[in-house]
Colleague: 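Pasting in a structure now, in structure tokens, and then I'll have a few things to ask.
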Amino acid sequence: MDFIDLKKQQSRIAGSLRRRLDAVLAHGAYIQGPEIVELEKQLAAYVGTKHCLACSSGTDALVIPLMAWGIGPGDAVFTTPFTFVATAEAAALVGATPVFVDVNPDTFNIEPESLRRAVRRVKAGERPSPGAPSGLKARAVIPVDLFGLPADYDALNAVIREEGLLLLEDAAQGLGGIYKGKKAGSFGHAGATSFFPAKPLGCYGDGGAVFTDDDALIEVLRSIRVHGQGTDKYENVRIGMNGRLDTLQAAILLAKLEIFEDEIVARQEVAARYNRGLEGVVQTPKIFSHSRSAWAQYSVLTDHPADAMAKLKAEGIPTAVYYPKPLHLQKAFANLGHKPGDFPVSESFSKRIFSLPMHPYLSAPDQEKVISAVRSAVRGKADPR
Ligand SMILES: *Cc1c(COP(=O)(O)O)cnc(C)c1O
């Protein structure tokens, strides 16, 4: 059994994948070929934003808007410590200070009320952590659609409007998710996603995209993507980067986009079957009527995850831990001066979480095998909820 099965998907799209790749090999425009514009159009239409910028990775999709907004030294960027490192790394890469805010115990996403308090403390001139600079300017928040579930954007938008912040949605895991009728990637001033192969929409290498409705912003994003170019390639009006997506990766994504919505629907069935089989055995992810998760991961909480994972491994079932150490306790962010206990929800998740195989092609019999293995692993061990 695979944790994420990309082979079944590949055989399903084999025909259109081959046609798409052959087209690129025939025209030879490996950089910024016509597939890039076609992909950007299709992705913007899917997500429901005016613009989309295809770029080199999910990390760069976070960095490029921060650069465009001129966020840098002296600025505070709020996010959670319970995410992939790239979210906070993007803030640090532009020279800003990541300010961590704990997550909601039911959703794994940033807690809007804790965000408001953290923003007000920074605005009052307090240091957000002992190692952080004082006098930071509150600039932006990066909520993460963790495991595919969009964050609580109504509550977050209220905070960012009141506090005058920019919102950069980290939808690296969220593409295909929905919150109150709107697609993930479309929230805030800009949204970022990743096409890392294991993400809900993955290519066969690195890739990412930025979404926005802002006509002025998209021009700056395009410029930054190609070394800060002006009206032509050899006019440089700002510092940018090489942030392009390969044409071949765009071709692969176009083939995958044809079946993407269908795959997201299939993931709902897989998640629902897990929830039915594991309710009360481990703490299963909440399913909300107002939103749809993209189910990038199916993660459960239990007091004895190592035992359960060992038992599953013995039966040939792969598992993974996202994330074994919250970012505020990582050496990379040691300069911020955090200590254990600063973000109790995130810390408790790190000790109690593990993820089960999840992909659109997971069969019911395979899922039953996973469910009975989890059940027998935790049998006899008291588990709250
Ligand atoms: C994967 C991921 C990223 C980074 O994407 P890359 O394409 O690997 O650079 C950023 N944020 C989150 C939450 C992710 O899961």
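Computed from a predicted model, the values in this text were never measured in an experiment. Each residue takes its place number in the sequence, starting with 1. In each ligand, atom 1 is the first atom listed, and ligand 1 is the first ligand listed.
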Colleague: Using the side chain to side chain donor-acceptor pair (under 3.5 Å) definition, which of the options Arg267, Gln9, Glu263 pairs with Tyr361?
Modeller: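 Among the candidates, only Glu263 passes.
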
Colleague: For Phe84, is the NZ or CZ atom of Lys199 found under 6.0 angstrom from the centre of its six-membered ring and inside 45 degrees of the ring axis?
Modeller: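 Verdict for Phe84: a cation-pi partner in Lys199.
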
Colleague: Does NZ or CZ of Lys183 come closer than 6.0 Å to the centre of the six-membered ring of Tyr46, within 45° of the ring's axis?
Modeller: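 Yes.
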
Colleague: Would you check if there is a donor-acceptor pair between the side chains of His51 and Glu219 at a distance under 3.5 Å?
Modeller: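 Not at all, the side chains of Glu219 and His51 share no donor-acceptor pair under 3.5 Å.
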
Colleague: Could you tell me whether Arg139 and Asp75 make a salt bridge, using a distance below 4.0 angstrom between a side-chain N and a carboxylate O?
Modeller: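 Here Arg139 pairs with Asp75 in a salt bridge, since their nearest N and O are under 4.0 Å apart.
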
Colleague: Pairwise, report which nitrogen or oxygen atoms of ligand 1 are under 3.5 angstrom from protein nitrogen or oxygen atoms, and how far apart they are.
Modeller:
residue	atom	partner	partner atom	Å
ligand 1	5 (O)	Ser194	OG	3.3
ligand 1	7 (O)	Gly58	N	2.7
ligand 1	7 (O)	Ser194	OG	2.6
ligand 1	9 (O)	Gly58	N	3.3
ligand 1	9 (O)	Thr59	N	2.8
ligand 1	9 (O)	Thr59	OG1	2.5
ligand 1	11 (N)	Asp170	OD1	3.3
ligand 1	11 (N)	Asp170	OD2	2.7
ligand 1	15 (O)	Gln173	NE2	2.7
ligand 1	15 (O)	Lys199	NZ	2.8

Colleague: Looking at Arg273 and Glu368, does any basic side-chain N land under 4.0 Å from a carboxylate oxygen?
Modeller: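 No, Arg273 and Glu368 are not salt-bridged.
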
